[in-house]
2 protein chains.
Amino acid sequence: MNEIELSALKQILPEITDPFLLEEMVKHGGVYYFEQGKTITEPGQFVKMVPIVLDGAIKILRMDEEGRELFLYYLEPGETCALSLTCCSASKPSEIKAVAEEHTKILGIPVQLHELWADKFKQWKDFVSSTYQRRFQELLVALDAVAFKKMDERLMRYIVTKMKQLKANELHTTHQEIANELSTSREVISRLLKQLEKKKWIELGRNVIYVRDDFEELMG
Amino acid sequence: MNEIELSALKQILPEITDPFLLEEMVKHGGVYYFEQGKTITEPGQFVKMVPIVLDGAIKILRMDEEGRELFLYYLEPGETCALSLTCCSASKPSEIKAVAEEHTKILGIPVQLHELWADKFKQWKDFVSSTYQRRFQELLVALDAVAFKKMDERLMRYIVTKMKQLKANELHTTHQEIANELSTSREVISRLLKQLEKKKWIELGRNVIYVRDDFEELMG
DNA sequence: TCTTCTTTGTGACTATTGTTACAAAGGCCT
DNA sequence: AGGCCTTTGTAACAATAGTCACAAAGAAGA
């Protein structure tokens, strides 16, 4: 566990300027690295720290009792997970699965400090509050998708989200993995992807999907 | 707009004991009444205050562009809505619909005060924080239902939730209304209810569903 | 009672999604 | 090249949910 440099922290969290808070974060926050694809938290595990993404990205998935999963949202640099905040505070086990989407660097803040800082530092309170807001919105987006959209549209939105996260127009993944994250079967995804290919909106290869630049406009 | 009595407020929010905070709430909070079935907030409207339920109950529904709706959760006395907190803070229009489920009494806290109190009163901060936590959990429950459950199970869970809210084992509602809140069609609900009746788990009448006492155990 | 409106029941049909089963193609290793 | 494993393609079929059409029952009022 290394320390983070003050300058790096300032750059990633520009909204935090309070030198006392920054000092505390550098002093007590531990830096952790996770390789791509590595599971960071699984349902049932207890959350011992609030993870702030420094570099890379984390994929947050909801899981049910049968082990099915559902993609919720990404955590990008400077962001943290509202669920970790609620789980810590209530000292309840995690309700979700978190996976490193790329090679990811994290600043872990011990749970007890989160509580303390919320009383002491206005900027930390604001950070937590804006996290809750952002995650709430994203949870509603995820809810809208499963409640109101059909699988073809959900798949297209998934592709767009993933492209934006990767800042690329090719996805290196398998149909099976997409199916898992949308909580459906591989055959359904293969079928729908084939339809998109027929419409010339994407091209399919083994372990790769090439997406047309104007894909998002096409979906409307 | 009336004032609320201090004693009533203390009873509904036992976790708030700070006399200064209580005084502020009595002084600046407005009391509002909504008849059963009355819409309190609709999507697109701006939220001008944080509503704390004093008496009755509020039903929170998510809506999509086409006007379809989805039941999320109830607000019971002493509770408030996380979405109103996020909407206010971001001064964005409401993303949800709120309907008085019974004759309901509300204490409305002006938005600006919420921000102010969060800095000033630890108990208000804790109240907001625990609201976020509770609503987050409930949103996840709603998400689980649409993502992982079939309509028959969603219907049964809906019946149980409604029964608990009403503290009764008969529901006075129409198939159409249930269908709306589960975002499906009336025929589907009529069909599934008929199956439950055949299994002798419920009895159907016009505008009423009688539910067996051991309904929840039967569903498993 | 007769009319009218709302609510419920149901059959038939369509659409979407999920499942089973198997073939074929692409990589990788020896 | 030959063998092995992963991934993708696809047909056929089942299950679930959504839609349409219309009948029948119940409630309310004239």
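Just so it is clear: chains get the letters A, B, ... in the order the sequence lines come, proteins before strands, and each one is counted from 1.
- Counting heavy atoms from C-beta outward, A:N180 and A:L61 have side chains that stay 4.5 Å or more apart.
- Here A:S185 does not reach the OP1 or OP2 of C:dT17: none of its side-chain N or O atoms lies under 4.0 Å away.
- Counting non-hydrogen atoms of neighbouring residues, nucleotides and ligands closer than 6.0 angstrom, the CD atom of A:E217 exceeds 12 such neighbours.
- Between the CG atom of B:L155 and the P atom of D:dG18 there is a distance of 12 Å, given to the nearest Å.
- Relative to the six-membered ring of B:F136, A:R135 misses at least one condition, a distance below 6.0 Å or an angle of at most 45° to the axis.
- Taking atom CD on A:E66 and atom P on C:dG18, their separation rounds to 14 Å, with Å as the unit.
- A:T80 places none of its side-chain heavy atoms less than 4.5 Å from the side chain of A:V53.
- Whole-Å rounding puts the A:L182 CG to C:dG18 P distance at 10 Å.
- Looking at A:E35 and A:K38, no side-chain N of the basic residue comes within less than 4.0 Å of a carboxylate O on the acidic one, giving no salt bridge.
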Can you check each nucleotide of nucleotides 6-16 of chain C against protein heavy atoms at under 4.0 Å and return B for base, S for sugar-phosphate only, - for none, in 5' to 3' order? BBBBB-B---S
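- Put simply, NZ on B:K149 is 18 Å from C1' on C:dT17, counting in whole angstrom units.
- Atoms CD1 (A:I178) and P (D:dT7) sit 12 Å apart, rounded to a whole Å.
- Note: CD (A:E153) to C1' (C:dT17) measures 16 Å, nearest angstrom.
- Partner of A:K59 under the side-chain hydrogen bond (donor to acceptor under 3.5 Å, both in side chains) criterion, out of A:Q165, A:E102, A:E181: A:E181 alone.
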